[in-house]
Amino acid sequence: MSNYSHDDDHDHPSAWGPHDWEHGAPHNSWAPVIMSLGVGVFLFSFAGTFVMNEARNGTDFNAGSLPMILVGLSIFFAGLIVWWRQDYSFDGTYEPKATGVPFQNIDMRKVGMWIFLWSEMMIFSSLFTTYIRYRLGIESCQAILDNHSITSSGLPFSPGDVCWVPASYFIAGSHSESWTISLGGIGLPDTLVPGAINTFALIVSSFTVVMALKTAHRTDLEHDVRSRKVRNYLLATMALATLFITLKIIEWFFGFHVGPFDAPSLRDDHFSIYNEAYAFHGAGGHEVLEGVNLRLSASVFYVTTGTHGVHVLGGIIGLAYMSWKAHNGGYGPSNAVSIEYFGLYWHFVDLVWVLVFPAFYLY
Amino acid sequence: MSHTIFGKDVYNLNFGMLMVLTAVEVGAVAASVQELITTQMVIFVLVSIGVVKFLGIAGVFMHLRMQDDSNILTLTALFPAGFIILMVIFIGLTSPGSPDALPAWCRPPGY
């Protein structure tokens, strides 16, 4: 923190860079606009890359969308170059402060991180809105079954009918066949164990990030000792994040068959965006439903939890770099804001899981 | 950086609270699965605990409380929150029947 002064009257930094940081941080840049445009073109094009083929119950690859995908990526990388061109001359000797209302004198990177998190809030809110809309707007398959006895006259469904079954039906449902954990007479289905472990893992990882930051600020430790402790806390966070992703993959594809636990994967339970045969418990007993369309239920679950998983994966990449930096003594009492700002991101990921876990896994 | 409540480090307290509340969430669902409590009760428990955990993480771990810039960052968070409220009310809580009712331009090819 030093020598920061900004002279608005005499310094007019280019929106395309490079920038003279002697006059403070630049206020103007086309990079975010260009990159947003590129991401928009990419996503709209990417959405049409795989087209559902009802005839063969699968997807077709649509090569026609490739040119626009490349255009979108090109625009995005052009924006990235503009950003790099503006920033590469910064030697990091001071923490630039924001000057615009209402963020005057708050660290610019902190403001940037919060604005990023607010945009992330919009993304996850749109996913939750989708979940609420479909969950409330589409009739529950379970409710239909519970209200109609399964008799020889047939099921209360016609092939192709759309109804909703929450992922929690397979994860925390009373039909689960293996109940290894029981505390005080209350059992926990094995299918819920990976999700429950993940929830605790994320909370502990939030705490280890806090401890890394607190340790980096400690002045009573030798530099080497402090660096080692910070690195260890960051590595612990990365290990917990890796555990989260691993259990997620196990839960989706392989099933949790560890020690006494015996939980089928969601794929084994036919909970996917393609399958059209699901095992249900109705009032009349266990029945496999053929032809009922549950793609929306599965899509909403996989897109939401998958988007969250991608954020965890991004966190692992960031943690790998920060652990390496801590190992080389890169953090200290006067240089720990990177951990703080990464911590904001990581706590946000935890925050989203606080909502995803009850909404998708428990209810 | 050092904040305490009743002589205890606020971050340690928050961490302990989050762990206990998560255990209560899982326990409530386990009880619900075995029909020891009603679905309405478990929804109430999940929503209540979710709100408390949300506030604990955002307020303490993300420093939206107890720092000089906490208030302005919290207030500006209301900007996206406004959009989120609009989205949940006017999209999330509507029930148009099925996705097939969406206009063609709003659907991917093949739907």
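This is a predicted model, so every value here is computed, not measured. Letters A, B, ... are given to chains in the order of the sequence lines, protein chains preceding strands, and every chain is numbered from 1.
- Heavy atoms from other residues, nucleotides or ligands lying under 6.0 Å from CZ of A:Phe261 number more than 12.
- Contacts of B:Val26 with chain A are made by both backbone and side-chain atoms, with heavy-atom separations under 4.5 Å.
- There is no contact between A:Ser119 and chain B, counting heavy-atom distances below 4.5 Å.
- Residue A:Leu188 comes nearest to B:Ala30 through the heavy atom pair CD1-CB, 4.0 Å, listed as atom of the first residue, atom of the second, then distance.
- Of the two parts of A:Val111, neither the backbone nor the side chain holds a non-hydrogen atom closer than 4.5 Å to a non-hydrogen atom of chain B.
- A distance of 11.5 Å separates CG in A:Leu362 from CD1 in B:Ile43, rounded to the nearest 0.5 Å.
- Summarising the geometry, atom CE belonging to A:Met113 is positioned 9.0 Å from atom CE belonging to B:Met62; distances are rounded to the nearest 0.5 Å.
- Considering every non-hydrogen atom in both A:Leu351 and B:Ala58, the closest pair reads CD1-N, 4.2 Å.
- Neither the backbone nor the side chain of B:Ser32 comes within contact range of chain A, judged by heavy atoms closer than 4.5 Å.
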(request) Kindly indicate, with the supporting measurements, whether the criterion side-chain contact (heavy atoms from CB on, under 4.5 Å) is fulfilled by B:Val29 and A:Tyr361. (result) CA-CA 10 Å; B:Val29 170; A:Tyr361 281 70; over 6 Å; no
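- Proximity to chain A involves both the backbone and the side chain of B:Ala23, based on heavy atoms less than 4.5 angstrom apart.
- Between A:Phe103 and B:Asp69 there is no side-chain heavy-atom pair separated by less than 4.5 Å.
- For A:Val354 against B:Gly50, the heavy-atom pair with the smallest separation is CG1-O, 3.9 Å.
- Between atom CZ of residue B:Phe54 and atom CG of residue A:Leu355 there is a gap of 6.0 Å, rounded to the nearest 0.5 Å.
- The number of heavy-atom neighbours closer than 6.0 Å to CZ of A:Phe116, taken from other residues, nucleotides and ligands shown, is above 12.
- Listed options B:Thr22, B:Asn12, B:Leu46, B:Val42 were ranked by heavy-atom pairs under 4.5 angstrom with chain A; first place goes to B:Thr22.
- Note on ring orientation: taking the six-membered ring where Trp is involved, the planes of B:Phe61 and A:Phe207 are tilted (angle from 30° to 60°).
- Between the OG atom in A:Ser125 and the CG atom in B:Leu86 there is a gap of 11.5 Å [rounded to 0.5 Å].
- The side-chain heavy atoms of B:Lys53 and A:Thr199, taken from C-beta on, include a pair separated by under 4.5 Å.
- Summarising the geometry, atom CZ belonging to B:Phe15 is positioned 10.0 Å from atom CE belonging to A:Met211; distances are rounded to the nearest 0.5 Å.
- Taken to the nearest 0.5 Å, the CD1 atom of B:Ile84 stands 5.5 Å off from the CE atom of A:Met122.
- Interface summary for chain B: among A:Ile203, A:Leu117, A:Ile106, the most heavy-atom pairs under 4.5 angstrom belong to A:Ile203.
- For A:Ile115, no part lies near chain B; criterion is any non-hydrogen pair under 4.5 Å.
- With contacts defined as side-chain heavy-atom distances shorter than 4.5 Å, the pair B:Leu64/A:Trp114 qualifies.
- At a 4.5 Å heavy-atom cutoff, B:Asn14 makes no contact with chain A through either its backbone or its side chain.
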